[in-house]
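Below is one structure, written out as structure tokens; the observations come after it.
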Amino acid sequence: MPSQAQRLEGTYRRNLNTFLKAGADLPQGAEHARVNGASSLNWVTGHVLGSRLLILSFLNTAQPGVDMQDVRARYGKGTSPDPAAALPLADLLSHLAATQETLAAALASADLTPTVQSPFGPMVLGDFIDFFGWHEGYHAGQAILLHHQLTGQ
């Protein structure tokens, strides 16, 4: 039976694969399109990257080459899509993909049982990471729907 860390790594890997599919073969400029007022694919991807970086910080690691505070300032909860301040979607996807191995390594060596002070109050670390896996999965579904709407595929 897989460990909690292995199950979490699998969840995050599946979510990443969905985001990579959602970001492929988009028409020029489509990453910033807001279908029916929804968030853009760029914003949803940046938002998830910011969440991943937060998870890494709770695992006492960071993703080299990515400033968590900058990403969360652009894409965090309470922000709105802003094409003028957005990072390129290709960069967001590249950073998101790079986090996967960092996350897998951190999960493999982490004790997921302590209670941490999360943004939602005290939570067991493994439960906190599991919640963000669900959160990311929600946005992965949103991203793939945006891809279908933007490409007609």
Side-chain angles (χ1 to χ4, degrees), residues 2-59 61-63 65-83 85-108 110 112 118-120 123-153:
S3 69
Q4 182 182 24
Q6 291 168 323
R7 288 190 307 275
L8 289 168
E9 192 275 335
T11 294
Y12 281 88
R13 186 170 300 281
R14 284 187 299 278
N15 291 340
L16 169 63
N17 289 337
T18 302
F19 270 94
L20 293 175
K21 288 176 189 171
D25 302 321
L26 293 174
Q28 180 82 19
E31 71 181 82
H32 297 293
R34 297 180 70 185
V35 178
N36 296 323
S39 295
S40 67
L41 183 57
N42 180 285
W43 187 90
V44 171
T45 305
H47 181 69
V48 165
L49 175 61
S51 295
R52 281 230 184 170
L53 297 172
L54 179 66
I55 291 298
L56 290 175
S57 74
F58 272 82
L59 291 168
T61 194
Q63 185 61 41
V66 186
D67 182 336
M68 180 179 79
Q69 296 306 324
D70 179 56
V71 172
R72 292 184 58 79
R74 295 171 196 251
Y75 299 103
K77 183 177 178 181
T79 64
S80 296
D82 180 2
L87 300 171
L89 181 63
D91 291 354
L92 294 171
L93 290 168
S94 176
H95 291 314
L96 189 62
T99 65
Q100 188 63 38
E101 295 311 315
T102 306
L103 179 62
L107 285 169
L112 300 175
S118 81
F120 316 109
M123 290 182 78
V124 172
L125 179 59
D127 293 344
F128 176 65
I129 297 170
D130 184 54
F131 170 79
F132 269 98
W134 170 87
H135 170 259
E136 190 173 289
Y138 169 84
H139 287 301
Q142 184 181 16
I144 207 72
L145 286 173
L146 283 166
H147 174 86
H148 290 308
Q149 292 172 321
L150 295 169
T151 63
Q153 297 176 2

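- In terms of the side chain to side chain contact (heavy atoms under 4.5 Å, CB included) criterion, residue partners of Pro27 (sequence neighbours excluded) are, by chain and number, Ala30, Thr151.
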- Query: Stepwise, does the side-chain contact (heavy atoms from CB on, under 4.5 Å) test hold for Leu59 with Leu125?
  - Reply: CA-CA 9 Å; Leu59 291 168; Leu125 179 59; 4.0 Å; yes
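- Gln63 and Thr102 are linked by a side-chain donor-acceptor pair at a separation below 3.5 angstrom, with hydrogens and angles left out of the test.
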- Task: May I have the step-by-step check of side-chain contact (heavy atoms from CB on, under 4.5 Å) for Leu112 and Leu107, ending in yes or no?
- Result: CA-CA 8 Å; Leu112 300 175; Leu107 285 169; 4.2 Å; yes
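- For Ser57 (side chain) and Leu54 (main-chain N/O), a donor-acceptor pair under 3.5 Å exists by modelled atom type.
- The shortest heavy-atom contact between Asn15 and Gly133 is ND2-O, 3.1 Å.
- Applying the salt bridge (Lys or Arg N to Asp or Glu O under 4.0 Å) test to residues at least two apart or on different chains, the pairs with a partner in residues 2-12 are Glu9-Arg13.
- For Arg14, the side chain to side chain contact (heavy atoms under 4.5 Å, CB included) criterion is met by Thr11, not counting sequence neighbours.
- Interatomic distance, CG of Asp130 versus CH2 of Trp134, reported as 11.0 Å (0.5 Å rounding).
- Remark: Gln142 CD to Thr45 OG1 distance equals 9.5 Å, nearest 0.5 Å.
- Remark: Ser39 engages no residue in a side-chain hydrogen bond (donor to acceptor under 3.5 Å, both in side chains) (not counting sequence neighbours).
- Listed by chain and number, the residues in a side-chain hydrogen bond (donor to acceptor under 3.5 Å, both in side chains) with Tyr75 are Asn42 (sequence neighbours excluded).
- Taking OG of Ser118 as the reference point, atom CD1 of Ile129 lies at 11.0 Å (rounded to 0.5 Å).
- Atom CG of Leu53 is separated from atom OG1 of Thr61 by 10.5 Å, given to the nearest 0.5 angstrom.
- Applying side chain to side chain contact (heavy atoms under 4.5 Å, CB included) to Phe19 and the options Ile144, Leu49, Val44 leaves one that passes, Val44.
- Under the ring-ring contact (aromatic ring centres under 6.0 Å, His included) criterion, His32 pairs with no residue, sequence neighbours left out.
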Distance-only donor-acceptor hits, side chain of residues 76-83, under 3.5 Å, sequence neighbours excluded:
{"from": "Thr79", "atom 1": "OG1", "to": "Trp43", "atom 2": "NE1", "distance (Å)": "3.0"}
{"from": "Thr79", "atom 1": "OG1", "to": "Arg74", "atom 2": "O", "distance (Å)": "3.4"}
{"from": "Thr79", "atom 1": "OG1", "to": "Gly76", "atom 2": "N", "distance (Å)": "3.4"}
{"from": "Thr79", "atom 1": "OG1", "to": "Gly76", "atom 2": "O", "distance (Å)": "2.6"}
{"from": "Asp82", "atom 1": "OD1", "to": "Ala84", "atom 2": "N", "distance (Å)": "3.1"}

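- For the atom pair OG1 of Thr99 and CG of Leu16, the computed distance is 6.5 Å after rounding to the nearest 0.5 Å.
- A search for ring-ring contact (aromatic ring centres under 6.0 Å, His included) contacts involving Phe128 returns Phe58, Phe132, not counting sequence neighbours.
- Panel note: side chain Asn36, backbone Ala38; no donor-acceptor pair is recorded below 3.5 Å.
- Residues meeting the ring-ring contact (aromatic ring centres under 6.0 Å, His included) test with Tyr138, sequence neighbours left out: none.
- Under the salt bridge (Lys or Arg N to Asp or Glu O under 4.0 Å) criterion, no residue pair touches residues 137-153, with sequence neighbours excluded.
- In this structure, CG in Leu146 is found 10.5 Å from CZ in Arg34, a value given to the nearest 0.5 Å.
- Annotation: salt bridge (charged side-chain N to carboxylate O under 4.0 Å, His left out) contacts of Glu136 (sequence neighbours excluded): Arg52.
- Partners of His139 under the ring-ring contact (aromatic ring centres under 6.0 Å, His included) rule, at least two apart in sequence or in another chain, are His47, His135.
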